[in-house]
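Below you'll find the structure, written out as structure tokens, and then a few comments.
Ligands are counted one by one from 1 in listed order, and the atoms in each one are counted from 1 as well. The first residue in the sequence is number 1, and the count goes up from there.
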Amino acid sequence: MRKNIVAGNWKMNKNLQEGVAFAKDLEAALAGKTLKCDVVIGTPFIHLASVASSTKLGVAAQNCANKVSGAYTGEVSAAMIASTGAKYVILGHSERRTYYGETDALLKEKVVLALANGLTPIFCIGETKDEREKNIHFDVVKRQTVDALFNLSAEDFSKIVIAYEPVWAIGTGLTATSAQAQEMHAFIRETIADKYGKEVANNTSILYGGSANGGNAKELFACPDIDGGLIGGASLEVEKFIPVIEGF
Ligand code: PGA
């Protein structure tokens, strides 16, 4: 059966010392609790090794290169990420797509390299406000899924975690309603089932992201096709992140 996952995405926040302290504090705060989900923290590249060695919680990078190695100044490969002990990599985040021009074709290459290095991609998809208003949100999400992921074998696809993040809800305080999120998650699962069959689709964890927090996590996570969250703002403080984790 699919896993429940709550993953934090720090984006470009926290210096190294703050990051390591956060990981230790979070682990200590969760120690006595019975968790109904896996917990992951998505850190900047330079934190990965230190954070991964100071916690048993899952650790995610927020990006990786679309090349194996070589003369690509400033890039960080999937193999380098894996060598830090991080097990996950967030790919296709809307901020990468919007500010750094990442396309479905580029992301397809990154996903293949992440998988080849044993990393679990947390692959982000989601429509903009304009696309939802034009009523093309299902088409957009389907295109992002098909174009970047449907080249994979069923075996490889089974290793992917999807994060549905409507762009209009990210960092805006505007959360999709649980009905809107559930509707899209069910559509994504159906799209996966059409390509890979029901078993693969039922085993795929699909997370919701976009202003999820301790106040709305319970309702979102209660939806049958929502298997957790990718959390930005509310993952930056231990006291705010724990109520999200406890949404399960
Ligand atoms: P937010 O970010 O929770 O701050 O909206 C979510 C994300 O970008 O993954």
Note to self: Can you confirm whether Met1 is buried at CE, in the sense that more than 12 heavy atoms of other residues, nucleotides or ligands lie under 6.0 Å from that atom?
What the structure shows: yes
Check: What pairs meet the side chain to side chain donor-acceptor pair (under 3.5 Å) rule with one or both residues in residues 105-121, with sequence neighbours excluded?
Finding: Asn63-Lys110, Asn66-Glu109, Glu102-Lys110
Check: Honestly curious: do Leu57 and Leu236 fall in one hydrophobic cluster under the side-chain, below-4.5 Å linking rule?
Finding: yes
Next item on the list: Determine whether the side chain, the backbone, both or neither of Asn9 has a heavy atom under 4.0 Å from any heavy atom of ligand 1.
Entry: side chain
Next item on the list: Check whether any N or O atom of Gly209, backbone or side chain, sits under 3.5 Å from an N or O atom of ligand 1, and answer yes or no.
Entry: no
Notebook entry, point to check: Is Gly232 in polar range of ligand 1, meaning some N or O pair under 3.5 Å apart?
Noted result: yes
Next item on the list: Indicate yes or no: does Asp156 engage Lys159 in a salt bridge with an N to O separation below 4.0 Å.
Entry: yes
Notebook entry, point to check: Is Ala169 near ligand 1, meaning one of its heavy atoms is under 4.0 Å from it?
Noted result: yes
Next item on the list: Taking only heavy atoms of His93 into account, list the atoms of ligand 1 that are under 4.0 Å away from them.
Entry: 7 (C), 8 (O), 9 (O)
Next item on the list: Inspect the contact between Glu75 and Lys67 and indicate whether a charged nitrogen and a carboxylate oxygen are less than 4.0 angstrom apart.
Entry: no
Note to self: Only heavy atoms of Gly210, strictly under 4.0 Å: list the atoms of ligand 1 that pass.
What the structure shows: 5 (O)
Margin query: How far is atom 4 (O) of ligand 1 from the closest protein heavy atom, and which atom is that?
Written below: Gly233 N, 2.8 Å
Next item on the list: May I ask you to check whether Tyr208 and Phe221 place their ring centres under 6.0 Å from each other?
Entry: no
Item checked: atom 7 (C) of ligand 1 [closest protein heavy-atom partner, distance rounded to 0.1 Å] -> Glu165 OE2, 3.1 Å
Margin query: Does the residue Ser211 have a heavy-atom contact with ligand 1, meaning some pair of atoms that are separated by less than 4.0 Å?
Written below: yes
Check: When you look at NZ of Lys240, are more than 12 heavy atoms from neighbouring residues, nucleotides or ligands closer to it than 6.0 Å?
Finding: no
Check: Can an N or O of Gly171 be found at a distance shorter than 3.5 Å from an N or O of ligand 1?
Finding: yes
Next item on the list: For the pair Thr172 (side chain) and Trp168 (backbone), establish whether a donor and an acceptor sit closer than 3.5 Å, ignoring hydrogens and angles.
Entry: yes
Margin query: I'd like to check which ligand 1 atoms, numbered from 1 as shown, lie under 4.0 Å from a non-hydrogen atom of Lys11.
Written below: 2 (O), 7 (C), 8 (O)
